[in-house]
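Values below: all heavy atoms of this structure, side chains included; hydrogens, waters and symmetry mates excluded. A quick note: this is a predicted structure, and the numbers were derived from the prediction, not measured.
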Amino acid sequence: MMVTFMESGMTFKMEKDNLFRIEKSQEVIRMQSFKPCECVVRSGKFLDLIEAKSSAPNPHSGDKTDFNTFYKEIEQKFIDSLLYTTGITAERRNDAACPVNVKGVQLSVIKYRFYLIIKNLEDRHLPDQMECFKKQLKHVIKAWNIDDNCLKVLNEAEARRMNLIV
């Protein structure tokens with residue numbers, strides 16, 4: 001059964017049995033300092049961690065503070081979601097909102113992909129945003145042996161082409 005939901009002005013449509021709306025989990029909401037991404041989705045041999053934003057600061061503006069703060073927050077969302085989901089799959093914690101298809105992944109063979117979808121991002125800014133995203137998460141991809149190509153910054157059009165949104 002497919003479910004749809006709205007985030008940052010975009011409509012996501014995913015298979016219910018593969019979708020963990022981590023941001024809506026009551027267990028996660030009770031963890032006050034925890035900052036999750038929107039969702040974790042099982043897609044074959046992958047767990048896709050997805051964060052959606054309506055916009056992002058311009059990396060070419062004179063003040064880099066907003067840009068750096070933005071990516072620090074994004075980093076925390078992906079790390080918190082990765083750790084929480086791994087805690088579930090390693091049976092260190094339980095969350096009734098997490099479907100069996102996500103809970104039951106084998107950590108030794110599952111691959112992770114991180115998607116940051118920025119609705120109003122112009123194509124010309126994609127490379128700069130991608131560079132900063134990878135730089136901010138470099139330590140995570142090294143520690144977890146995540147392929148560099150599994151980190152993506154997408155705008156609305158790219159996300160639609162990849163069937164992440166409708």
Trainee: Locate the shortest heavy-atom distance separating Leu116 from Ile74; write the atom from each residue and the value.
Mentor: CD1-CD1, 3.9 Å
Trainee: With a 4.5 Å cut-off on side-chain heavy atoms, are Asn163 and Lys13 touching?
Mentor: no
Trainee: With side chains defined as the heavy atoms from C-beta onward, is the minimum distance between Glu38 and Phe12 less than 4.5 Å?
Mentor: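 The answer is no; the side chains never approach within 4.5 Å.
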Trainee: Calculate, to the nearest 0.5 Å, the distance between atoms CD1 and OG1 belonging to Ile110 and Thr89 respectively.
Mentor: 8.5 Å
Trainee: About how many Å separate NZ of Lys111 and CG of Leu47, when rounded to the nearest 0.5 Å?
Mentor: 12.5 Å
Trainee: Parallel, tilted or perpendicular: which describes the rings of Tyr112 and Trp144, with under 30° parallel and over 60° perpendicular?
Mentor: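 Ring orientation, 0 to 90° scale: perpendicular.
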Trainee: My understanding is that only residues two or more places apart in sequence, or in another chain, count here; which of them pass ring-ring contact (aromatic ring centres under 6.0 Å, His included) with Phe46?
Mentor: none
Trainee: Are the side chain of Ser81 and the backbone of Phe78 linked by a donor-acceptor contact shorter than 3.5 Å?
Mentor: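 Not a single qualifying donor-acceptor pair exists.
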Trainee: Find the distance between CG (Leu19) and NZ (Lys24) and round it off to the nearest 0.5 Å.
Mentor: 12.0 Å
Trainee: Counting N and O atoms only, with roles assigned by atom type, does the side chain of Asp80 sit under 3.5 Å from a partner on the main chain of Pro36, one being a donor and the other an acceptor?
Mentor: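 No, because the side chain of Asp80 does not come within donor-acceptor range (under 3.5 Å) of the backbone of Pro36.
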Trainee: Taking side chain as C-beta onward, heavy atoms only, is Ile29 less than 4.5 Å from Gln26?
Mentor: yes
Trainee: Going from OG on Ser54 to CG on Leu121, what distance comes out if it is rounded to the nearest 0.5 angstrom?
Mentor: 11.5 Å
Trainee: Rounded to the nearest 0.5 Å, what separation is found between the CD atom of Glu51 and the CD1 atom of Ile22?
Mentor: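 Rounded to the nearest 0.5 Å, the CD-CD1 separation comes out at 11.0 Å.
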Trainee: Please report the shortest heavy-atom distance between Phe20 and Ser25, naming the atom on each side.
Mentor: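 Residues Phe20 and Ser25, closest heavy atoms: CE1-CB, 4.1 Å.
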Trainee: Less than 4.5 Å apart, side chain to side chain, heavy atoms only: is that true for Phe67 and Gln129?
Mentor: yes
Trainee: Taking the side chain as every heavy atom from C-beta outward, state whether Ile117 and Lys152 have any pair of such atoms under 4.5 Å apart.
Mentor: no
Trainee: When you look at Asp95 and Lys103, which way does the side chain to side chain contact (heavy atoms under 4.5 Å, CB included) test go after all the steps?
Mentor: CA-CA 9 Å; Asp95 190 323; Lys103 283 181 191 177; 5.7 Å; no
Trainee: What are the two closest heavy atoms between Ala52 and Met10, and how far apart are they?
Mentor: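 Taking Ala52 first and Met10 second, the nearest heavy atoms are CB-CE, 3.9 Å.
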Trainee: Could you grab the distance from atom NZ of Lys45 to atom CZ of Arg113, nearest 0.5 Å is fine?
Mentor: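 Output value for this atom pair is 8.5 Å.
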Trainee: Please identify each residue that fulfils side-chain hydrogen bond (donor to acceptor under 3.5 Å, both in side chains) with Arg21, with sequence neighbours left out.
Mentor: Glu7
Trainee: Checking His139 against Ile79 for the side chain to side chain contact (heavy atoms under 4.5 Å, CB included) test, could you report, in this order, the C-alpha distance in whole Å, the side-chain angles of both residues, the deciding distance, and whether it holds?
Mentor: CA-CA 11 Å; His139 64 291; Ile79 290 172; 3.7 Å; yes
Trainee: Tell me, do Phe70 and Lys53 make a side-chain contact under 4.5 Å, heavy atoms counted?
Mentor: yes
Trainee: Determine yes or no for a side-chain-to-main-chain donor-acceptor pair under 3.5 angstrom, with Arg30 supplying the side chain and Gln32 the backbone.
Mentor: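 No, Arg30 side chain to Gln32 backbone: no donor-acceptor pair under 3.5 Å.
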Trainee: So, for Met130 and Val153, which heavy atoms are closest and what is the spacing to 0.1 Å?
Mentor: SD-N, 3.2 Å
Trainee: Which residues pass the side-chain hydrogen bond (donor to acceptor under 3.5 Å, both in side chains) test with Gln136, not counting sequence neighbours?
Mentor: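 Glu75.
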Trainee: Side-chain heavy atoms under 4.5 angstrom apart, residues restricted to Ile, Leu, Val, Met, Phe, Trp, Tyr: same cluster for Ile88 and Val40?
Mentor: yes
Trainee: Same cluster or not: Val109 versus Val102, using hydrophobic residues (I, L, V, M, F, W, Y) connected whenever any side-chain heavy atoms lie under 4.5 Å apart?
Mentor: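 No, Val109 does not connect to Val102 through the hydrophobic network.
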Trainee: Treating Ile, Leu, Val, Met, Phe, Trp and Tyr as nodes and any side-chain heavy-atom pair under 4.5 angstrom as an edge, say whether Val100 and Met1 lie in one connected cluster.
Mentor: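 Different clusters.
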Trainee: A quick test of your reading: do over 12 heavy atoms of other residues, nucleotides or ligands sit less than 6.0 Å from CG of Asn145?
Mentor: no
Trainee: Check whether more than 12 heavy atoms from other residues, nucleotides or ligands sit under 6.0 Å from atom CD of Glu15, and answer yes or no.
Mentor: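 For Glu15, atom CD is crowded (more than 12 foreign heavy atoms under 6.0 Å).
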Trainee: Apply the test side chain to side chain contact (heavy atoms under 4.5 Å, CB included) to residues Lys135 and Tyr71: give CA-CA distance (whole Å), side-chain angles for both, the deciding distance (0.1 Å), then the verdict.
Mentor: CA-CA 10 Å; Lys135 181 180 176 184; Tyr71 274 99; over 6 Å; no
Trainee: Below 4.5 Å, heavy atoms only, C-beta onward: do Ile146 and Phe114 meet side chain to side chain?
Mentor: yes
Trainee: Is there a continuous path of hydrophobic side-chain contacts, each under 4.5 Å between heavy atoms, that joins Met162 to Leu151?
Mentor: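 As far as the 4.5 Å side-chain criterion goes, Leu151 and Met162 are not connected within one cluster.
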Trainee: Would you name the heavy atoms of Val166 and Arg160 that are closest together and state the gap between them?
Mentor: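 Nearest heavy atoms, Val166 then Arg160: O-NH2, 3.1 Å.
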Trainee: Please name the pair of heavy atoms, one in Pro99 and one in Asp17, separated by the smallest distance, quoted to 0.1 Å.
Mentor: CB-O, 3.3 Å
Trainee: Check this for me: does any side-chain nitrogen of one of Lys77 and Glu73 sit under 4.0 Å from a carboxylate oxygen of the other?
Mentor: no
Trainee: Report whether Tyr84 and Val41 are members of the same hydrophobic cluster (ILVMFWY, side-chain heavy atoms less than 4.5 Å apart, transitive linking).
Mentor: no
Trainee: Could you check whether any side-chain heavy atom of Met14 comes within less than 4.5 Å of a side-chain heavy atom of Ile50, counting everything from C-beta outward?
Mentor: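 Side chain of Met14 against side chain of Ile50, heavy atoms only: contact under 4.5 Å found.
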